[in-house]
S.K.: 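This is the structure I want to talk about, given as structure tokens.
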Amino acid sequence: MSEAAQTLDGWYALHDFRSIDWSAWRQADPGVRTAALDELQSFLKQWQAAEDARTGSTAFYAIVGQKADFVLMHLRETLEELNELETAFNKTIFAGFTTPAHSYVSVVELSNYMTPPGVDPMQNPDIIARLKPALPKWNHICFYPMNKRRQGNDNWYMLSMEERRKLMYSHGMIGRQYAGKVKQIITGSVGFDDWEWGVTLFAHEALQFKKLVYEMRFDEVSARYGDFGDFYVGNLLTEEKLSRMLQI
Ligand code: 76R
């Protein structure tokens, strides 16, 4: 049996994708729309307060294309908190104008491929910050799930730790060239959701997603061992952009 990578696990993650029922929203009484917006604003403030208190983080982005209209990505200490937060949102007036488009449950994950032997990563404040990150408020988000392939000769899980470490090193070197341009948050979802990982990327410039993902396709880890699900891409919803989006 090959040696499993050790993972460090941080905050739990919920990616909650919704579509808006635009005709119901348009036909709603203006008073109902105002109440819905006020309540939504108060939820956003509450989530911001959790982020300020370092007990979690939330990212709010509009999604381009027909897969969804927006995503709320929440990070919290426990799965229970995520569940409470999701239910509280479902009870809001605004949520009544939305339909579920997709969701993903996972946990922020770092693996030990790059950790030098004998080093306790939990003593490193940078590692702790990466496990419990404040989600960037960069212009764009990109989310997709992925698996490592288990097929014939291309079986990631049958490779030795040494072989995987070498491959992950090359993966990391490509990734590093995008430092400052793309921020990646890898969340593990084995046992939680339909794929093995969620990949969430943030960028100032949307084109950097395409460049990074394309470049990685040629790297052996992705070329040979990567299987991917649906991609979601979107734009940051600032307060101003949100009110413009919901303006009738
Ligand atoms: O944690 C680290 O930064 C060290 C190096 C590293 C690891 C261990 C790293 C770096 N990644 C790691 C693990 Mn990654 N990553 C992806 C994707 O589209 C594709 O082809 C793949 C999707 C992207 C775009 C990406 C970006 N990475 C992982 C894992 C877990 C694998 C496992 O445990 O078997 C997955 C699924 C995954 C997938 N990676 C980086 C990036 C970037 C940009 C970096 C550089 C980070 C930096 O140095 O700041």
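Values reported hereafter were calculated over all heavy atoms of this structure, with side chains retained and with hydrogens, waters and symmetry mates removed. Counting starts at 1 for both ligands and their atoms, following the listed order. Note that the structure is a prediction, hence the values are computed from the model and not measured.
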S.K.: Tell me: protein heavy atom nearest atom 18 (O) of ligand 1, and distance?
M.R.: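 Nearest protein contact, heavy atoms only, for atom 18 (O) of ligand 1 is Y144 OH, 2.5 Å.
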S.K.: Counting from 1, what ligand 1 atoms have a heavy atom of W156 closer than 4.0 Å?
M.R.: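 Listed by number with element: 34 (O).
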S.K.: Do the ring centers of F70 and F60 come within less than 6.0 Å of each other?
M.R.: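 Yes, the ring centres sit under 6.0 Å apart.
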S.K.: Crowded around Y169 OH? As in, over 12 foreign heavy atoms under 6.0 Å?
M.R.: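 Incorrect, the count does not exceed 12.
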S.K.: Can you count the protein N, O or S atoms that lie less than 2.8 Å from atom 14 (Mn) of ligand 1?
M.R.: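 Those protein atoms number 1 in total.
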S.K.: Listed by chain and number, what are the side chain to side chain donor-acceptor pair (under 3.5 Å) partners of T78, not counting sequence neighbours?
M.R.: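 Scan of T78 (side chain to side chain donor-acceptor pair (under 3.5 Å), adjacent residues dropped) gives E81.
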S.K.: Using a 4.0 Å cutoff against the non-hydrogen atoms of S222, which atoms of ligand 1 qualify?
M.R.: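 Atoms satisfying the 4.0 Å criterion: 19 (C), 20 (O), 21 (C).
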S.K.: When you measure from the centre of the six-membered ring of F228, is the NZ or CZ of R217 closer than 6.0 Å and no more than 45° off the axis?
M.R.: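 Here R217 passes the 6.0 Å and 45° test against F228.
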S.K.: Against heavy atoms of S111, which atoms of ligand 1 measure under 4.0 Å?
M.R.: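 Near S111, the atoms of ligand 1 are 8 (C), 33 (O).
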S.K.: Near M114, which atoms of ligand 1 are under 4.0 Å from a heavy atom of that residue?
M.R.: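 The list of qualifying atoms is 4 (C), 5 (C).
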S.K.: Look at ligand 1 and say whether Y113 reaches it with a heavy atom at a distance under 4.0 Å.
M.R.: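 Flag set, Y113 near ligand 1.
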S.K.: Taking the inter-plane angle between the rings of H15 and Y104 on a 0 to 90° scale, is it parallel (under 30°), tilted (30 to 60°) or perpendicular (over 60°)?
M.R.: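 Plane angle over 60°, so perpendicular.
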S.K.: Using the six-membered ring of W197, assess whether NZ or CZ of K148 lies under 6.0 Å from its centre and within 45 degrees of the ring axis.
M.R.: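 Yes, a cation-pi geometry holds between K148 and W197.
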S.K.: So which protein heavy atom does atom 23 (C) of ligand 1 come closest to, and at what separation?
M.R.: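 Of the protein heavy atoms, M216 SD, 3.5 Å lies nearest.
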S.K.: What do we get for W197 next to ligand 1 when only non-hydrogen atoms under 4.0 Å count, side chain, backbone, both or neither?
M.R.: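 Side chain only; the backbone of W197 stays clear of ligand 1.
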S.K.: If you measure from each heavy atom of F228 to ligand 1, is any distance below 4.0 Å?
M.R.: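 The answer is yes: ligand 1 sits under 4.0 Å from a heavy atom of F228.
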S.K.: Can you list, by chain and residue number, the hydrophobic cluster partners of F218 when the side-chain cut-off is 4.5 Å?
M.R.: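 Y214, which link up through side-chain heavy atoms under 4.5 Å apart, make up the rest of the cluster.
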S.K.: Which atoms of ligand 1 have any heavy atom of K148 under 4.0 Å away?
M.R.: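 That gives atoms 31 (C), 32 (C), 34 (O) of ligand 1.
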S.K.: Which one of E215, R130, M146, R176 has a non-hydrogen atom at the shortest distance from atom 3 (O) of ligand 1?
M.R.: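 Selected option, by shortest heavy-atom distance: R130.
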S.K.: Only counting residues at least two apart or in another chain, list the ones meeting ring-ring contact (aromatic ring centres under 6.0 Å, His included) with Y157.
M.R.: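 Y157 satisfies ring-ring contact (aromatic ring centres under 6.0 Å, His included) with no residue once adjacent residues are dropped.
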S.K.: Around atom NZ of K211, are there more than 12 heavy atoms from other residues, nucleotides or ligands closer than 6.0 Å?
M.R.: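 No, NZ of K211 has 12 or fewer neighbouring heavy atoms, counting only those of other groups under 6.0 Å.
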S.K.: Show the numbers, then the answer: is there a ring-ring contact (aromatic ring centres under 6.0 Å, His included) between F17 and F143?
M.R.: CA-CA 11 Å; F17 293 88; F143 170 79; 5.7 Å; yes
S.K.: I'd like to know if K166 and E163 make a salt bridge, using a cut-off of under 4.0 Å between side-chain N and carboxylate O.
M.R.: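 Not counted as a salt bridge, because no side-chain N and carboxylate O are separated by less than 4.0 Å.
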